[in-house]
Amino acid sequence: MFRSETYKNRRAQLSKDVNEGIILLLGNTESSMNFADNHYHFVQDSSFRYFFGLINPDIAGIIDCDSGEEMLFGDDLTIDQIVWTGFQPTMKELAEQVGIDKTAPFAKLAELVQKALADGRTVHYLPPYRATQRITLSNLTNQAVSKVDEGASVKLIKAIVKQRNIKTTEEIEELEKAVDITAQMHIAAMQHTRPGMKEYEVGAIVQNTAKMHGAELSFPMIITKDGQTLHNHYQGNTLKSGDLLLCDSGAQAVSGYCGDMTRTFPVDKKFTSRQAELYQIALDAHEAAIKELAPGKRFKDIHLLAGKTIFEGLKAVGLTKGDTESAVAAGAHTMFMQTGLGHMMGMDVHDMENLGEPYVGYTDELKKSTEFGLKSLRLGKALEAGNVITVEPGIYIIPQLIDLWKSEKKYEEFINYDELEKYKDFGGIRIEEDFVITDEGAKMLGRQVPKTIADVENTRA
Ligand code: GLY
Ligand code: MN
Ligand code: MN
């Protein structure tokens, strides 16, 4: 937790930006796996945590933009609960830690919200992403559950994005720590993977490294020899000589801030020549993108530059042909890079994705494209100093996509399908690192993880 002034200042700015009515921010509740008292790992709502700092479940915060009043709603533990959980600070004590002196039992929240609505005031709330939030908001605001989402406040969303998009020095310090743990997770995986291991054994090394730092995973990790499947959570394969292993994982540090990195390396000590060729092209795209990172640069353009680098590089391998500019303008590079180049990162690994990509990654002038490839680009707008982002180009050989587009004769002038047929068993490569945009350009977060072919092979050896 930061000092109480941090939270006070953030709330004051939010109140000023929203300017009228009441802001309601719900903290998260526990979520049950299979019976009521068997919970998933608790994760606080990030916007609640950003403005109210607390990581306890079942709390809500109110900011009255007209009177300036701030209040936390939540219940002190009963003696029956203390028997099981041990003594916990009271709501009053918790509130003091984040600069708030007014608290009330959770049941009182409904009275306050109902009175505000009866007085004709706006109650600003965020779009829910869990069913329990939707039901709570429905009960508080007298709307049908099915109407709650459309009643979310765009004004509140924009005001929160304005603050959370620009990371302060104290946030960047925490992000550094999270990414540095993340880097160590990847170094451990690269050092300890051997032919004959199961993917889940590598996963265990990655997760153990996070746990040894008191951290959790910032998202379900991807540890797979089938890296062409973008969200591949299966880890039951046995790794064998000749396989390429894609590891995408990150830590969420105690502070709540996240890391998100990917490395792809051979299960053997060395890449095969075919693997090295494609790896170098993905790395060239990664490096070309990093060189462009600076305030004012549109991330969509950097994404397209990565696409061009990959398309151009694959010509030498015989997989692509024709004019690169025209090919990328037509979308032919999406045979190989179907994903976006990166995304914002903060307390959420895809920061603020619950608030909506139109507000976080795009602007009123620059809307997200609906085209294959670009529709997966979460961040398109110009970068600003203080943004924290990922850069994660990749080359993914997806047999089903090859079959479909070949049968449709799609991009025939740009893709050598006969040659590509020979790569159907290749898999996928992604290289991902995290950066803070500075006044001058960008700075990589966390320690360096081997990335060049020579450095990866040295580590594997
Ligand atoms: N870990 C998901 C991503 O890289 O965006
Ligand atoms: Mn990732
Ligand atoms: Mn990522």
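Just so you know, ligand 1 is whichever comes first in the structure, and atom 1 is the first atom listed for that ligand.
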With atoms numbered from 1 as shown, which atoms in ligand 1 lie under 4.0 angstrom from a non-hydrogen atom of Phe219? 1 (N)
Under-4.0 Å salt bridge between Lys269 and Glu457: no
Restricting to N, O or S atoms, which atom of Asp248 is closest to the Mn ion (ligand 2)? OD1
the protein heavy atom lying closest to atom 5 (O) of ligand 1 turns out to be His350 NE2, 2.7 Å
Is the Phe271 ring parallel, tilted or perpendicular to the Tyr279 ring (thresholds 30°, 60°)? tilted
Quick one, Glu176 with Lys443, criterion side chain to side chain contact (heavy atoms under 4.5 Å, CB included). Give me CA distance, side-chain angles, the key distance, then yes/no. CA-CA 10 Å; Glu176 263 299 350; Lys443 179 183 173 298; 2.5 Å; yes
Determine, step by step, whether Arg11 and Leu25 satisfy the side chain to side chain contact (heavy atoms under 4.5 Å, CB included) criterion, reporting the C-alpha distance in whole Å, the side-chain angles of both residues, the deciding distance to 0.1 Å, and the verdict. CA-CA 11 Å; Arg11 291 192 300 265; Leu25 291 176; over 6 Å; no
If you look at Asp260, which of its N/O/S atoms is nearest to the Mn ion (ligand 3)? OD2
Over 60° means perpendicular and under 30° means parallel, so classify the ring planes of Tyr411 and Trp405, tilted if in between. perpendicular
The Mn ion (ligand 3) to Glu392: nearest N/O/S atom name: OE2
Below 4.0 Å, non-hydrogen atoms only: which portion of Asp260 touches ligand 1? Side chain, backbone, both or neither. side chain
among protein heavy atoms, the one nearest atom 4 (O) of ligand 1 is Glu392 OE1, 2.9 Å
Contact between His231 and ligand 1, counting heavy atoms under 4.0 Å? no
Pull out every atom of ligand 1 sitting under 4.0 Å from any heavy atom of Glu432, numbered as shown with elements. 4 (O)
CD of Glu30: more than 12 outside heavy atoms within 6.0 angstrom? yes
If the cut-off is 2.8 Å, does any N/O/S atom of His350 fall short of it from the Mn ion (ligand 3)? no
Of all N/O/S atoms in Glu432, which lies nearest to the Mn ion (ligand 3)? OE2
Relative to Tyr50, does Arg10 satisfy both conditions: NZ or CZ under 6.0 angstrom from the six-membered ring centre, and within 45 degrees of the ring's axis? yes
Which distance, rounded to the nearest 0.5 Å, do you find between the CG of Leu14 and the CG of Asn9? 12.5 Å
